[in-house]
2 protein chains.
Amino acid sequence: MAERDSDRCVSQTVRAQLRLRDLILSGDLRPGERISELQAVETTGASRTPVRMALVRLEEEGLLEAIPSGGFTVKAFSERDVLDSIELRGTLEGLAARFAAERGVSSRDLEPLKGCREEIDGLVQQDRISIEAFSSYVTLNARFHALLTELSRSPPLIRQVDRASALPFASPSGFVMTQSELPQAHETLLIAQDQHRVVIDAIENREGTRAEAIMREHARLASRNLRLVLKNKTHSDLLPGLALIRTAGD
Amino acid sequence: MAERDSDRCVSQTVRAQLRLRDLILSGDLRPGERISELQAVETTGASRTPVRMALVRLEEEGLLEAIPSGGFTVKAFSERDVLDSIELRGTLEGLAARFAAERGVSSRDLEPLKGCREEIDGLVQQDRISIEAFSSYVTLNARFHALLTELSRSPPLIRQVDRASALPFASPSGFVMTQSELPQAHETLLIAQDQHRVVIDAIENREGTRAEAIMREHARLASRNLRLVLKNKTHSDLLPGLALIRTAGD
DNA sequence: TTCCGGATCAATGTATACACGTACTTCATC
DNA sequence: GATGAAGTACGTGTATACATTGATCCGGAA
């Protein structure tokens, strides 16, 4: 079998997991649809054992739901589920920011976060933000949130934040690309970046409550974007996983 | 093979998972120790396939850690890890209480929670609380917390609360039994029960912030108990999983 | 004596065969 | 014609054999 180089390095289990996740998030596997192991075996090229392993992991990830009599279906999410997932992620990031502020962070440890913020500054202060700039923003924003979470220095919390951010529409950068063509895009990025600035300031001054509150509010920017995207369902292709959200119309 | 009746009903995977979890929480498998699949096969009586399944689930549960080169080790927790896990659980329960308060709960839906609270009242208002009463409290307290979380009517949140409560020392009822022989035991139960009363009141009056704050504080009772238990390591047998906590002395 | 390299062994990753349970379809009877 | 029961087929749960990778130990050379 002619395999791509990138595929030969990783285990069959991981390959199957990545492939199946793609199929789910792209909408090729519809919400509510049962996933047949044999069908998954054909699709992924791996045998049943790694496929079953991948299915279990995708269930823990939240993309699949176990059927009591055996097997899995693709999970469907209501708009409320997604909004709650975003609020949840914001709450956990808020806790991380509070931990960082209350426990104190050395200026040395704060350096990477500040550097990341400055890089984002360079992007959002342009007059016109290109699509490539949005793409860079996604990467930098993900790094900012990861660095911030790590400042809590709490492995259990970091673990939970990661799990809460696993669903693409709940992740910190989930709705950035979808908003790229909305009229208020630039304004939103400026506000988000100001919140980044505020949370660093709060952590430096050991203002735990302030740090927590601003991260919660920060997540609500994503909620706003979700509502906008669902209202005019135009840029669905920019957010993998949007196919899993069943709206009232469906 | 002579099997117990209870074992014949469930799958080998679940049996292996339960057995391995017992071994880990009881301390038979030491923190940091590598878990051999073959050894686990001998212990559980299941074959390698369900054992591997169980190991993956226990990893997601947080009791095991994956080794990059393959296999798993038993996870070790610092005192800080445990305190953070409790704070995390309290934060999520606080969010659930806030959701319930803000979104409103009908008096009909609130009935089970109030009934549960009254049952607990019957226990804690005795002059002397027997060990059996403590045991009943554990059950009722677990039910109270489960009912409360469900009032959020948010599947994603309920899911995360359950996961955060999976570790025995992070669960709402984790430290109840350990405190049963401490002098301040009765006082602690009275305080905890008052917090139960307050959160119901807050939800009824749609006071979201109050409901959230009281649940966070409620979890901190568990933190207090943890510190007491670790100070005089006497009642270790009353909390499965205490063997996973490595203190400075180890 | 120490370090590097190769070989052997063990443990995990993978594949497949088999068994059991469930669901669906068909036939018979009411 | 409809309903119930039985049989068949499909799909998951389990077991085991095989392959592959990583670790350890021993030997030789510097």
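Letters A, B, ... are given to chains in the order of the sequence lines, protein chains preceding strands, and every chain is numbered from 1.
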Hey, does the side chain of B:Ser69 come within less than 4.0 Å of D:dA23's phosphate (OP1/OP2), counting only N and O? yes
What parts of residues 48-60 of chain A reach DNA chain D, counting only heavy atoms under 4.0 Å away? A:Arg48, A:Arg52
Only counting residues at least two apart or in another chain, list the ones meeting side chain to side chain donor-acceptor pair (under 3.5 Å) with [X].
X: A:Glu102; value: A:Arg98
X: A:Glu150; value: none
X: A:Arg21; value: A:Glu61
X: B:Arg19; value: none

Could you state the [atom1]-[atom2] distance from [X] to [N], rounded to the nearest angstrom?
X: A:Gln17; N: C:dG13; atom1: CD; atom2: C1'; answer: 15 Å
X: A:Glu42; N: C:dT16; atom1: CD; atom2: P; answer: 13 Å
X: B:Gln12; N: C:dC20; atom1: CD; atom2: P; answer: 12 Å
X: A:Ile67; N: D:dC10; atom1: CD1; atom2: C1'; answer: 14 Å

With the side chain of A:Thr13 defined as its heavy atoms from C-beta on, choose the nearest nucleotide among C:dT14, D:dA15, C:dA11. C:dT14
Donor-acceptor pair, B:Arg89 side chain versus B:Ala164 backbone, under 3.5 Å?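 Answer holds: no.
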Hey, can you pull the donor-acceptor pairs under 3.5 Å for the side chains in residues 46-56 of chain A, sequence neighbours left out?
unit_1  : atom_1 : unit_2  : atom_2 : d
A:Arg48 : NE     : A:Glu37 : OE1    : 2.9
A:Arg48 : NH2    : A:Glu37 : OE1    : 2.8
A:Arg52 : NH1    : A:Glu37 : OE2    : 2.4

Write out all pairs satisfying side chain to side chain donor-acceptor pair (under 3.5 Å) with one or both partners inside residues 164-177 of chain B, taking only residues at least two apart or from two chains.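 As it turns out, the side chain to side chain donor-acceptor pair (under 3.5 Å) pairs with a partner in residues 164-177 of chain B, which skip direct neighbours, are B:Asn141-B:Ser173.
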Atom pairs and distances, donor-acceptor, side-chain atoms in residues 105-112 of chain A, under 3.5 Å, two or more places apart:
unit_1   : atom_1 : unit_2   : atom_2 : d
A:Ser106 : OG     : A:Asp109 : N      : 3.1
A:Ser106 : OG     : A:Asp109 : OD2    : 3.3

Looking at residues 27-37 of chain B, who's got a heavy atom less than 4.0 Å off DNA chain C? B:Arg34, B:Ile35, B:Ser36, B:Glu37
